[in-house]
Number of protein chains: 2
Amino acid sequence: MRVEVLNSNEKVELQKEVITKVRDLINQKNLEPGDKLPSERMLSEKFEVTRSTIREAIQKLEFYGLLKSIPQSGTFVANIGVVAMNGMINDILRLEEPDFKSLVETRILLELKTARLAAIRRTEEDLNEIEKALDSYATKVTNGEDAVQEDLLFHLAIAKASGNSTMNTFMLIITPEIITNFAKYHVCDEAMAHHAIEEHRQIFEAIKVQDAQLAKQKMKEHFKVLYQYCYNI
Amino acid sequence: MRVEVLNSNEKVELQKEVITKVRDLINQKNLEPGDKLPSERMLSEKFEVTRSTIREAIQKLEFYGLLKSIPQSGTFVANIGVVAMNGMINDILRLEEPDFKSLVETRILLELKTARLAAIRRTEEDLNEIEKALDSYATKVTNGEDAVQEDLLFHLAIAKASGNSTMNTFMLIITPEIITNFAKYHVCDEAMAHHAIEEHRQIFEAIKVQDAQLAKQKMKEHFKVLYQYCYNI
DNA sequence: GAAATCTATTTGGTTAACCAATTATTGAAA
DNA sequence: TTTCAATAATTGGTTAACCAAATAGATTTC
């Protein structure tokens with residue numbers, strides 16, 4: 001059993017090795033959907049890594065829906081055949097850390113859609129929460145304070161009102177990373193904040209009167225600067 | 001320390017309780033970005049749960065970019081203020097399991113975009129892989145075999161060619177769930193598979209000649225049935 | 001009094017032992 | 001031979017002890 005001290009990168013690489021070996025094992029043994037993997041202890045011995053490394057690798061493949069662990073029973077291949085299993089594991093292994101441009105591009109895509117959907121589906125309660133977030137943002141900006149957080153919450157309130165839990169989750173995943181990177185790259189401009197109040201209000205109004213196309217249009221204008229950063233550079 | 005046997009649901013609920021208490025603690029102590037949380041052992045004692053429960057809750061908040069654990073040092077509040085922290089934690093607590101409709105809606109959104117982007121950005125290698133996936137699919141279908149996996153890999157190859165790692169990741173997350181649910185709801189039709197070959201080929205051709213608008217259009221046609229399922233029901 | 005060195009404590013992470021549920025095996029009964 | 005209860009072995013999950021790095025505190029040195 002490998003017993004070294006590993007830093008963060010080495011740990012990631014080791015996990016990738018283990019995932020590769022799990023893939024090869026599934027191929028070699030021709031495991032079909034529902035078949036059982038060898039026990040964690042056996043894998044740990046076979047791959048010469050600690051059991052917790054095996055567990056973490058399994059949990060990652062479980063996150064992507066490829067494996068399913070059942071307590072006191074075993075780890076099973078999900079309802080996905082050998083071909084798809086191979087393709088997906090290879091994709092997962094190759095996945096790079098998301099770059100800022102990719103995050104922004106995805107954010108814009110999601111937000112144009114959530115704005116449209118929110119206009120169609122928003123409840124009265126949704127509307128109240130969006131308006132509350134809008135007011136908090138406006139107050140902070142007019143007081144000359146930093147309002148990045150309130151900005152974020154306005155957009156998340158719209159995502160919630162979209163009634164699409166998947167998009168809502170995705171927005172929650174990428175938004176903090178965007179904020180962190182914003183600070184890093186200084187993409188945002190203080191002077192823009194005042195203008196953004198009006199843009200937010202227009203988006204809100206469009207959602208209020210349930211004009212989906214207008215909501216999308218106003219959101220697009222709101223992202224104009226970001227959009228250019230993404231596509232013209 | 002609470003020492004009961006918990007089933008899966010109770011475990012989720014317990015974790016939500018812990019996350020709520022972490023939120024309250026951050027509020028009560030007015031922890032700002034960069035501030036240190038009490039140690040896992042102290043939280044474990046304070047909240048009367050085992051340390052691993054604390055660790056799992058922290059890991060979840062770390063996944064959403066709200067906390068950052070540093071070995072031998074402590075767990076720190078990420079670069080996000082109290083207001084955003086509260087809003088995001090509340091959103092995370094309220095997040096429902098994604099329903100099928102929400103998954104499909106998001107998949108269509110992502111795929112129309114990845115098709116467009118792939119047409120613009122695909123390399124020759126991307127193109128080869130997409131074509132290989134296309135051929136595998138066509139072969140299987142003409143042989144009368146089930147080709148769900150090959151179908152999946154064709155779409156994932158396009159996602160990879162889009163050059164957007166975030167969208168690629170999101171596609172990898174939702175695709176297996178979609179497949180599983182497809183089988184459950186019997187949305188897919190065997191007879192459609194033959195027609196889908198031609199649709200796939202048209203999408204491929206559009207990406208090949210780098211006609212972004214056409215690629216999106218062909219992808220939209222490909223999703224026509226799914227689209228109707230989503231919006232007209 | 002300040003700087004530097006040593007020591008003790010605290011930290012998140014890791015691991016080996018443990019747990020209860022499950023599964024496999026055994027063997028007795030019919 | 002078949003059935004079924006009893007038992008042993010195996011399983012993923014959990015936990016308490018342990019680890020090395022980081023930090024804080026005490027002590028020494030100048």
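Heavy atoms only: backbone and side chains are in, while hydrogens, waters and symmetry mates are out. Letters A, B, ... mirror the listed sequences (proteins, then strands); counts begin at 1. Just so it is clear, the model here is predicted, and its values are computed rather than measured.
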* **Heavy-atom check, side chain of B/Pro38 versus side chain of B/Lys46, under 4.5 Å** => no
* Asked: Going by heavy atoms in the side chains, are A/Glu32 and A/Val77 under 4.5 Å from each other?
  ->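 Counting from C-beta outward, A/Glu32 and A/Val77 never come under 4.5 Å.
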Atom [atom1] of [X] to atom [atom2] of [N]: distance rounded to whole Å?
| X | N | atom1 | atom2 | result |
| --- | --- | --- | --- | --- |
| A/Phe76 | C/dT22 | CZ | P | 12 Å |
| A/Glu10 | C/dT14 | CD | C1' | 16 Å |
| B/Ile54 | D/dT14 | CD1 | P | 15 Å |

* Asked: Would you say A/Thr50 reaches C/dT14's phosphate, i.e. side-chain N/O to OP1/OP2 under 4.0 Å?
  ->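 Answer is no, no contact under 4.0 Å.
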* To do: Indicate the ring-plane relationship of B/His155 and B/His222, choosing parallel, tilted or perpendicular according to the 30° and 60° boundaries.
  =>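 Parallel.
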* Asked: Going by heavy atoms closer than 4.0 Å, what residues in residues 22-34 of chain A are next to DNA chain C?
  ->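 Nucleic-acid contacts, sorted: none.
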* Asked: Counting heavy atoms not belonging to A/Lys16, are there more than 12 under 6.0 Å from its NZ?
  -> yes
Are [X] and [Y] close enough that a side-chain donor and a side-chain acceptor fall under 3.5 Å?
| X | Y | value |
| --- | --- | --- |
| B/Arg121 | B/Asn164 | no |
| A/Asn27 | A/Asn86 | yes |
| A/Ser165 | A/Asn168 | no |

Please tabulate, one pair per line, each protein N/O and nucleotide N/O from nucleotides 8-13 of chain C that are separated by under 3.5 Å, including the distance.
from, atom 1, to, atom 2, distance (Å)
C/dT11, OP2, B/Ser39, OG, 3.4
C/dG12, OP2, B/Glu40, N, 3.0
C/dG12, O4', B/Gln72, N, 3.2
C/dG12, N7, B/Arg41, NH1, 3.0
C/dG12, N7, B/Arg51, NH2, 3.4
C/dG12, O6, B/Arg41, NH2, 2.9
C/dG12, N2, B/Gln72, NE2, 2.8
C/dG12, N3, B/Gln72, NE2, 3.3
C/dG13, OP2, B/Arg55, NH1, 2.9
C/dG13, OP2, B/Arg55, NH2, 3.4
C/dG13, N7, B/Arg51, NH2, 2.6
C/dG13, O6, B/Arg41, NH2, 3.4
C/dG13, O6, B/Arg51, NH1, 2.8
C/dG13, O6, B/Arg51, NH2, 3.4

* Between the main-chain N or O of B/Leu103 and the side-chain N or O of B/Glu177, is there a donor-acceptor pair closer than 3.5 Å? -> no
